[in-house]
Amino acid sequence: MTESADLDRMAQEVRNAAEECGAMILETILASENLPAVAVDGDTFPSLVKHLRPRLIYMVLTKFEATEEVEAHFEQELDRDLKKLASKWKAKDDQSARLVLGLMADGVLHGIVETADWFDEFDIEADELAEARQQAEADAFARIQEAESKSREAEEKKRLAPIVKGLLADPRFVASKISAAKRLTLAETLFPEESRTTLRKAVDQAANEVWLASPGSNT
């Protein structure tokens, strides 16, 4: 297990080794995307410093601040749920959370990233909350979409109702053996002001009602 005190100890041991070797510590992270790199155990890093005697050591010891960490994790100002998360972890404020160490030797970056176990737990909890919030947002969006879809369907049914009623009232429309094409032509004759798309929907709806009303529809 790695605690904040362990990170502080590792950092102090590296400072002592750097002072012994006359190395300078830069409190920054070395960009390593294009560099060959090897991972080094935190407890052996001071010994590595003494052995290699580098001129520069890169070290960043990050102190935890609950509000800042939550804001950074979610990339937004704190709402009620995020304030609750920050409040839960506020007891860890000012404790060491992450230690990043690095040095160059023979063109190879020797480095380590150590985190306190409790900070890993914080990360897991924050990730789970982020996932739950995303799912809640997706569910809410789906409900809105469904409600809007039902509203559009109701509005369209209401708009088509007079046309459907007019078609069903015409004996030619409900006559047996009339084709869909002829029903559409009849609708265009009765309702010339309506678009073909609207009339096609009305004809389909009216034809379904004719079928449902016929004696053989349930057999």
Would you say [atom1] of [X] has more than 12 non-hydrogen atoms from neighbouring residues, nucleotides or ligands within 6.0 angstrom?
X	atom1	answer
Glu27	CD	no
Gln145	CD	yes
Asp106	CG	no
Lys63	NZ	yes
Glu131	CD	no

Output yes when [X] and [Y] qualify as a salt bridge under the 4.0 Å nitrogen-oxygen rule, no when they do not.
X	Y	result
Glu153	Lys157	no
Asp123	Arg98	no
Lys201	Asp204	no

task: Measure from the side-chain N and O atoms of Asp41 to the backbone N and O of Asp43, and report whether any donor-acceptor pair falls under 3.5 Å.
output: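 At least one qualifying donor-acceptor pair exists.
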- prompt: Does any N or O in the side chain of Asp6 come within less than 3.5 Å of the main-chain N or O of Ala116, such that one atom is a donor and the other an acceptor?
  reply: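 The answer is no, because no donor-acceptor pair under 3.5 Å joins these two groups.
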With rounding to the nearest 0.5 Å, note down the distance linking [atom1] in [X] to [atom2] in [Y].
X	Y	atom1	atom2	answer
Leu78	Glu71	CG	CD	4.5 Å
Arg53	Glu20	CZ	CD	7.0 Å
Thr67	Lys83	OG1	NZ	9.5 Å
Lys50	Glu13	NZ	CD	8.0 Å
Arg196	Glu194	CZ	CD	14.0 Å
Met59	Phe45	CE	CZ	9.5 Å

Side chains of [X] and [Y]: is there a donor and an acceptor less than 3.5 Å apart?
X	Y	answer
Asp139	Gln135	yes
Trp89	Glu125	yes
Gln12	Asn16	yes
Thr198	Ser195	yes

message: Applying salt bridge (Lys or Arg N to Asp or Glu O under 4.0 Å) to Asp93 and Lys90, what does each step give before you reach the verdict?
response: CA-CA 5 Å; Asp93 279 3; Lys90 191 169 181 60; 3.2 Å; yes
task: Take Lys158 and Glu155 through the test salt bridge (Lys or Arg N to Asp or Glu O under 4.0 Å) and record every step on the way to the result.
output: CA-CA 5 Å; Lys158 182 178 179 181; Glu155 290 176 2; over 6 Å; no
Work out which heavy atom in [X] is nearest to a heavy atom in [Y]; give both atom names and the distance.
X	Y	result
Ala86	Ala66	O-CB, 3.3 Å
Gln95	Ala91	NE2-O, 3.6 Å
Pro36	Gly107	CG-O, 3.3 Å
Ser96	Trp118	O-CZ2, 3.6 Å
Phe173	Arg183	O-NE, 2.9 Å
Ile178	Arg172	CD1-O, 3.1 Å

Transitively linked via ILVMFWY side-chain contacts under 4.5 Å: [X] with [Y]?
X	Y	result
Leu7	Leu48	yes
Met104	Val49	no
Leu168	Leu184	yes
Ile57	Ile112	yes
Leu99	Ile25	yes

[Y] and [X], any side-chain heavy atoms less than 4.5 Å apart:
X	Y	result
Glu69	Phe122	yes
Asp8	Leu61	yes
Thr2	Phe119	no
Leu129	Leu82	yes
Leu167	Asp170	no

- prompt: Stepwise, does the side-chain contact (heavy atoms from CB on, under 4.5 Å) test hold for Glu146 with Lys150?
  reply: CA-CA 6 Å; Glu146 183 179 1; Lys150 289 181 178 179; 3.4 Å; yes
